[in-house]
Amino acid sequence: MLRLRFHGRGGQGAKVASRVLGSAAFLDGYNAQDFPLYGAERRGAPITAFTRISRDDIMERGLVSQPDVVVVMDETLLLDPQSSPLSGLKKGGVVFVNTPRTPFETKEGYGIEDHVITLDITKVSLDMIGQPVLSSLAAAVAAKVAGIGEKALRDALKKELSAIISEKDLLDRNIEAAIYCYNSVEPISIETTEKVREKENIISIPFETALVSSPSILSRGNTPLRRTGNWRIFRPVWDYDACTKCMTCVARCPEGCIRLNEEGYPFADYENCKGCLICAEECPVGAISKVRESHSQTKEGDQ
Amino acid sequence: MDSENIRSIKELPPEENMQPGTAACAGCGGLLTLRYCLKALGENIVIVNAAGCFTLLTIYPFSPFRNSWLYTAMACAPAGAQGVRDALDILIKKGKLDPEENLKVVVLAGDGSAYDMALSSTSGAIYRNLDFYYICYDNEAYGNTGFQHSGASPFGSRTGTTPPGEKVPVGSQLQKKNLFDIWNSHKPPYLATVSPAYPVDLMNKFKKAEQFKGPKLFISHIPCPPGWGFDPSQSVKLAKLSVETGLWPLKESIHGEVEHTFVPKKFKPVEEYLQAQERFSHLFKPERQEDALKSIQEMVDEYWRKNTLLP
Ligand SMILES: Cc1ncc(C[n+]2csc(CCOP(=O)(O)OP(=O)(O)O)c2C)c(N)n1
Ligand code: SF4
Ligand code: SF4
Ligand code: SF4
């Protein structure tokens with residue numbers, strides 16, 4: 001049995017990706033199972049979804065805690081302890097990362113020992129679909145890794161996407177972009193052992209009485225520690241030559257994360273700017289531009 | 001906050017009583033509303049929050065607030081507020097709490113809670129003249145659980161439970177409840193509608209409400225990017241459009257007497273607002289549903305005509 005786990009952010013389509021993959025596997029003659037993990041999701045929050053594929057009956061239920069394949073739809077999740085996409089990955093497993101970087105750079109950058117495949121599917125989706133919605137593309141990559149045929153993938157995309165996309169043109173562009181991704185990934189054979197990768201530190205949580213384990217929060221205003229800045233796909237960048245210090249952007253930011261520097265010019269706290277770009281939209285003189293987030297691991301330019 | 005009215009965005013108080021880093025969606029119009037409300041209310045408040053999107057703002061072990069916060073079931077935030085208010089009053093009376101350290105009690109509820117589940121507990125609280133603030137952020141559906149239809153969902157909208165289909169191409173066939181009038185029939189000391197696109201109006205309404213003891217009620221119409229289906233960057237634009245088209249009248253009521261605080265000089269056609277959202281897209285394609293579009297415009301015109309602000 002092949003066990004796959006998708007890690008994305010709310011709105012990127014991790015749930016649909018796992019569903020399309022499950023359908024594709026089924027249409028290719030396998031048994032399949034797919035489901036998302038529901039929690040406190042919001043657009044941008046970490047989301048997990050699962051697919052099991054097998055020639056035999058699938059008797060296993062529940063979350064996939066030891067996957068053979070991990071699909072990371074948002075690179076920043078690799079550094080997010082809440083998400084921990086590599087957790088429980090089996091030895092010999094495959095990690096797909098959505099990044100403009102090469103597999104080698106990605107392995108080095110994140111210290112991953114496993115087999116890494118990369119492709120900038122966000123760029124593909126912006127170029128070919130016009131929106132950063134990654135469900136069909138991530139499904140296509142996963143289908144290739146899992147060895148599912150192209151025809152089954154096409155049929156599954158048509159079946160699953162037509163239930164949620166009413167525009168024929170958008171549907172076609174999704175399928176076209178997905179097949180492009182499918183063909184961009186080299187076929188691979190996966191042979192995992194039942195052993196989990198060595199780097200893993202699995203934390204087991206002991207039982208605590210309600211008085212200890214019930215959620216009373218005694219800190220005030222500590223959410224900035226959650227660093228929701230890594231939800232961004234685009235970042236707002238200020239041009240101080242154009243800015244008139246009108247304070248509109250400061251007022252309009254839903255997060256309240258735009259501050260003023262010593263000269264009274266606004267800047268975003270990128271640790272927590274979610275990249276909604278209301279500031280750029282509302283600036284009366286167009287002094288804020290929208291720049292594709294490169295998710296650089298260095299923090300240069302973060303001020 | 002001093003008693004001078006605020007005249008422009010530049011004069012908004014700089015203090016932030018809510019920190020970033022919450023789980024709210026990027027571009028959430030409700031979060032923007034709440035940020036302004038907390039600027040107006042200050043730090044010395046207790047928020048009693050009915051289950052909804054905003055109960056996820058605080059996720060153990062994190063809180064964005066500088067003030068206390070309590071979580072209740074959807075139907076009973078006003079009852080929770082009564083308990084907190086009583087406790088504060090008793091502590092003050094017994095001399096265990098300095099009156100200087102008294103807190104304002106604030107209910108925060110989505111439309112599902114305010115318009116539907118908690119309507120009776122809210123009515124009770126207003127009736128008892130409970131001294132509290134009530135903020136309803138109205139995204140016109142049960143947002144937190146997948147955007148299902150609520151009593152606030154407008155006619156013609158697509159929600160999780162009113163998908164337009166062959167039999168019912170229009171989506172929701174029901175009219176949005178008029179919560180303002182329901183609340184106003186209780187003649188509360190202060191009641192207002194607000195919008196995150198009009199922060200100056202919003203702040204000044206809170207300032208005005210401060211002088212009244214008893215229920216101070218606010219309904220904010222808030223754009224919800226995933227539920228309404230639009231790019232997060234357009235949130236403020238949409239909030240503005242709902243006011244400029246006349247769909248969301250900005251008004252206040254003091255002891256039952258209603259006055260509009262902003263009347264657009266020239267009303268934009270509602271279509272401009274509807275067309276910008278995926279949840280109304282079925283009204284335009286594959287073909288235009290003229291009857292539905294006309295009746296939505298007619299409903300808006302009728303409101304303003306009745307209020308003698310339109311010929
Ligand atoms: C009595 C009850 N029924 C159902 C739920 C599940 N539930 C949690 S949040 C929510 C949606 C709340 O919708 P709304 O009040 O409009 O707020 P929003 O989610 O839009 O912020 C529901 C149905 C609940 N908590 N309590
Ligand atoms: S994009 Fe602009 S408005 Fe949106 S969170 Fe970032 S700084 Fe705030
Ligand atoms: S809205 Fe534009 S002009 Fe105004 S302060 Fe912000 S960047 Fe400067
Ligand atoms: S679902 Fe809508 S109301 Fe709820 S947090 Fe997201 S944008 Fe805000």
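First the proteins, then the strands, lettered A, B, ... as listed; each starts at 1.
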Tell me, for B:Glu43 versus chain A, whether the close heavy atoms (under 4.5 Å) come from the side chain, the backbone, both or neither. side chain
For a quick test of reading the model, state the closest non-hydrogen atom pair linking B:Leu12 to A:Ala251 and the distance between them. CD1-CB, 3.8 Å
Most heavy-atom pairs under 4.5 Å with chain B, out of A:Gly256, A:Cys273, A:Cys276, belong to A:Cys276
NZ (B:Lys237) with more than 12 external heavy atoms under 6.0 Å: yes
Could you give the distance from SG (A:Cys253) to CG (B:Leu32), rounded to the nearest 0.5 Å? 8.0 Å
Walk me through it: do A:Arg259 and B:Glu16 pass the test side chain to side chain contact (heavy atoms under 4.5 Å, CB included)? CA-CA 11 Å; A:Arg259 311 217 163 82; B:Glu16 300 290 351; over 6 Å; no
Under the criterion side chain to side chain contact (heavy atoms under 4.5 Å, CB included), I'd like the reasoning laid out for B:Met18 against A:Thr223: C-alpha separation, chi angles, the key distance, then a yes or no. CA-CA 9 Å; B:Met18 185 176 66; A:Thr223 39; over 6 Å; no
Got a second to check how far B:Gln19's CD is from A:Arg226's CZ, nearest 0.5 Å? 13.5 Å
When the 4.5 angstrom heavy-atom criterion is applied to B:Tyr71 and chain A, the contacting part is neither
From A:Ile278 atom CD1 to B:Cys28 atom SG, the distance as rounded to the nearest 0.5 Å: 9.0 Å
Do you know which of B:Ala197, B:Gly29, B:Pro163, B:Ser281 has the most heavy-atom pairs with chain A at a distance under 4.5 angstrom? B:Ala197
Where A:Ser219 and B:Ser63 come nearest, the two heavy atoms and their spacing: O-CB, 4.1 Å
Side chain to side chain contact (heavy atoms under 4.5 Å, CB included) between B:Thr22 and A:Thr228, intermediate numbers included: CA-CA 7 Å; B:Thr22 68; A:Thr228 40; over 6 Å; no
Do the side chains of A:Arg252 and B:Arg35 get nearer than 4.5 Å, heavy atoms only? no
Can you tell me which of A:Ala280, A:Cys279, A:Cys246 forms the most heavy-atom pairs within a distance under 4.5 Å of chain B? A:Cys246
Measuring only between side-chain heavy atoms, which start at C-beta, is B:Phe62 closer than 4.5 Å to A:Ile217? no
Heavy-atom pair count under 4.5 Å with chain B, highest-scoring of A:Arg220, A:Glu167, A:Gln131: A:Arg220
Any donor-acceptor pair under 3.5 Å linking the side chain of A:Lys274 with the backbone of B:Ala24? yes
Check this for me: B:Lys104, atom NZ, are more than 12 non-hydrogen atoms of other residues, nucleotides or ligands nearer than 6.0 Å? yes
What are the two closest heavy atoms between A:Asn272 and B:Pro20, and how far apart are they? CB-CB, 3.8 Å
Which region of B:Pro225, side chain (C-beta onward) or backbone (N, CA, C, O), has a non-hydrogen atom less than 4.5 Å from a non-hydrogen atom of chain A, or is it both or neither? both
Please check if the side chain of A:Asn222 supplies one atom and the backbone of B:Pro61 the other of a donor-acceptor pair under 3.5 Å. yes
Taken to the nearest 0.5 Å, the spacing of A:Glu281 CD from B:Asp231 CG works out to 8.0 Å
Is it the case that atom CZ in A:Arg19 sees more than 12 heavy atoms from other parts of the structure closer than 6.0 Å? no
Top contributor to chain B contacts, counting heavy-atom pairs under 4.5 Å, from A:Pro254, A:Cys257, A:Pro224, A:Ser216: A:Pro254
Picking from B:Pro232, B:Pro14, B:Pro199, which has the most non-hydrogen pairs under 4.5 angstrom with chain A? B:Pro232
If you round to the nearest 0.5 Å, how far is OG of B:Ser233 from CZ of A:Phe234? 10.5 Å
Looking only at non-hydrogen atoms, find the nearest pair between B:Lys10 and A:Lys245 and report the distance. CE-O, 3.4 Å
Does any backbone or side-chain atom of B:Leu57 lie under 4.5 Å from a heavy atom of chain A? Answer side chain, backbone, both or neither. backbone
